[in-house]
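As structure tokens, the structure follows; a few thoughts come after it.
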Amino acid sequence: MGKFLTYQEIQDKCEQLHELYQINEEKFYKVVEKWANHNTAPEQKLLASFQELLEVVSDEVAGMEEAMEMAPTCRLGCAFCCYFPIIVNQMEAKLMEKTINHFPEQRRHEIQDHINGYFAQYGEKIEQLNTLDFDSDADFKQKYKQSLLPCVMLNTETNQCMAYEIRPIPCRTYVNYTDPEVCEQNEMPKDTVSYEFLYSEYMGALNEFLQFLYGEGDTAFIDYPNDVYAHDYLANWFWDSKSNRQ
């Protein structure tokens, strides 16, 4: 592992992060300000701001990496982190689904076919995992990962995300900077880094935008504020959506 950063080196760099980098909160709120003043339908405003805020999160991660002089060692086709539980609120799930519905027709149909096949293959396992309470069970992540249930958006033949550009915050903020084999050899690798604290900036901006739309009297397909407070596994939201379409 000589050419890779050691666990201690990664820890040391992360401990210096608050001295080396300051999150640019203004970038998040500039996105919602731009779309709040844009002359288009609320649904389009929501989808555009959602995607741009995700890009801001990725930009912030890149900025922190540059400040700490760390480069990711995650490789294309490596999907070990895609077996962790992904929990999002109902608003995020709806935003993902609506964005997918605007994908080109062929890609949209491929994702829908994939989702149908996913639930046909893993439906029973998902029901079993729903007994894991992510609010009260401190070990739910490890138990979930031990089940080897892939993310609903993972193509297990290519090991690539089928909706990569709109992958949720836990996915885009989980990074490895040491030997990639640590993810293969460990269920819960300690060497990886999570920037999931950026979720508060991202969700704060989205929530402020929804408050604005609520004041305007039109939050499109979002039931605000209820959708913000309802949390579940990502797969469950897509299962509910699939059931509603049938």
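Keep in mind it's a predicted model, so treat the numbers as computed, not measured. We number each residue from 1, following the sequence as shown.
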Task: side chain to side chain donor-acceptor pair (under 3.5 Å) assessment of N236 paired with N130 - done: CA-CA 9 Å; N236 283 343; N130 280 333; 2.7 Å; yes
Open item on the list: Could you walk me through whether E65 and Y177 satisfy the side chain to side chain donor-acceptor pair (under 3.5 Å) test, starting with their C-alpha distance in whole Å, then the side-chain angles of each, then the deciding distance to 0.1 Å, before giving a yes or no?
Closed with: CA-CA 10 Å; E65 290 173 339; Y177 297 104; 2.6 Å; yes
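- A ring-centre distance under 6.0 Å is found for Y118 and Y122.
- Nearest heavy-atom pair across T192 and C183 is CG2-SG, 4.0 Å.
- Rounding to the nearest 0.5 angstrom, the gap separating the SG atom in C171 from the CD1 atom in I86 is 4.0 Å.
- Using modelled atom types and a 3.5 Å distance limit, the side chains of N101 and E97 yield no donor-acceptor pair.
- Under the side chain to side chain contact (heavy atoms under 4.5 Å, CB included) criterion, Q51 pairs with L47, T99, I166, sequence neighbours left out.
- F221 CZ to K98 NZ: the interatomic distance, rounded to the nearest 0.5 Å, is 6.0 Å.
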- [ ] Would you please test D12 and Q16 for side chain to side chain donor-acceptor pair (under 3.5 Å) and show each step?
- [x] CA-CA 7 Å; D12 291 343; Q16 298 171 11; over 6 Å; no
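- Residues passing the ring pair (Phe, Tyr, Trp, His ring centres under 6.0 Å) test with Y195: none are found, sequence neighbours excluded.
- Figure legend: K141 and F84 shown without cation-pi pairing, the cationic atom not lying both under 6.0 angstrom from the six-membered ring centre and within 45 degrees of its axis.
- Donor-acceptor pairing under 3.5 Å is recorded for the side chains of D223 and N226.
- With rounding to the nearest 0.5 Å, the separation of OH in Y21 from CD in E66 is 9.0 Å.
- Looking at E124 and E127, their side chains never come closer than 4.5 Å, going by heavy atoms from C-beta outward.
- A cation-pi contact, defined as under 6.0 Å to the ring centre and within 45° of the axis, links K190 to Y7.
- With rounding to the nearest 0.5 angstrom, the CD atom of E15 is 12.0 Å from the CG atom of L20.
- When the ring pair (Phe, Tyr, Trp, His ring centres under 6.0 Å) test is applied to Y202, the partners found at least two apart in sequence or on another chain are Y199.
- Closest non-hydrogen pair, E55 versus R172, comes out as N-NH1, 4.4 Å.
- Not counting sequence neighbours, H231 has no partner by the ring pair (Phe, Tyr, Trp, His ring centres under 6.0 Å) test.
- In the hydrophobic cluster analysis, where Ile, Leu, Val, Met, Phe, Trp and Tyr join through side-chain heavy atoms closer than 4.5 angstrom, M68 is grouped apart from Y174.
- Interatomic distance, Y144 OH to I87 CD1, rounded to the nearest 0.5 Å: 8.5 Å.
- In this structure, a donor-acceptor pair under 3.5 Å is present between the side chains of E52 and W35.
- Hydrophobic clustering of Ile, Leu, Val, Met, Phe, Trp and Tyr side chains at less than 4.5 Å, counting indirect connections, unites Y29 with L54.
- Hydrophobic clustering of Ile, Leu, Val, Met, Phe, Trp and Tyr side chains at less than 4.5 Å, counting indirect connections, keeps F80 apart from L234.
- The number of heavy-atom neighbours closer than 6.0 Å to CD of Q185, taken from other residues, nucleotides and ligands shown, is above 12.
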Open item on the list: Could you go through D133 and F140, starting from their C-alpha distance and side-chain angles, then the distance that decides it, and tell me whether this counts as side-chain contact (heavy atoms from CB on, under 4.5 Å)?
Closed with: CA-CA 7 Å; D133 188 339; F140 86 93; over 6 Å; no
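- The minimum heavy-atom distance linking E157 with N155 is given by the pair N-OD1, 2.9 Å.
- Within a 6.0 Å sphere centred on NZ of K30, heavy atoms belonging to other residues, nucleotides or ligands number 12 at most.
- Counting all heavy atoms, side chain and backbone alike, M162 lies closest to H114 at SD-CG, 3.2 Å.
- The hydrophobic cluster containing F197 also contains L53, counting ILVMFWY residues as joined when their side-chain heavy atoms lie under 4.5 angstrom apart, directly or transitively.
- W237 places none of its side-chain heavy atoms less than 4.5 Å from the side chain of K94.
- Between T178 and N176, the closest heavy-atom pair is N-OD1, 3.0 Å.
- F134 pairs by the ring pair (Phe, Tyr, Trp, His ring centres under 6.0 Å) definition with Y233, not counting sequence neighbours.
- Using a 4.0 Å cut-off between charged side-chain N and carboxylate O, E165 and R107 make a salt bridge.
- When all heavy atoms of A235 and F119 are compared, the closest pair comes out as O-CZ, 3.2 Å.
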TODO: Evaluate the criterion side-chain contact (heavy atoms from CB on, under 4.5 Å) for residue pair Q90 and V228; output intermediate values, then yes/no.
DONE: CA-CA 6 Å; Q90 191 164 13; V228 176; over 6 Å; no
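- Atoms CD and CG, from Q22 and L17 in turn, are 11.0 Å apart once rounded to the nearest 0.5 Å.
- Counting only distance, with no hydrogens or angles, the side chain of K145 and the backbone of P85 share no donor-acceptor pair below 3.5 Å.
- Residues L154 make up the rest of the hydrophobic cluster containing Y83, defined by ILVMFWY side-chain heavy atoms closer than 4.5 Å, directly or through other members.
- Using a 4.0 Å cut-off between a side-chain N of Lys or Arg and a carboxylate O of Asp or Glu, K27 and E201 do not qualify as a salt bridge.
- Y224 and M96 fall within the same hydrophobic cluster, where Ile, Leu, Val, Met, Phe, Trp and Tyr residues are linked whenever their side-chain heavy atoms come under 4.5 Å apart, directly or through other members.
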Open item on the list: Run the side-chain contact (heavy atoms from CB on, under 4.5 Å) test on L95 and L206 for me, step by step, so that the C-alpha distance in whole Å, both residues' side-chain angles and the decisive distance to 0.1 Å come before the verdict.
Closed with: CA-CA 11 Å; L95 287 165; L206 258 183; 4.2 Å; yes
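- Formation of a donor-acceptor pair under 3.5 Å by the N89 side chain with backbone atoms of E92 is found in this model.
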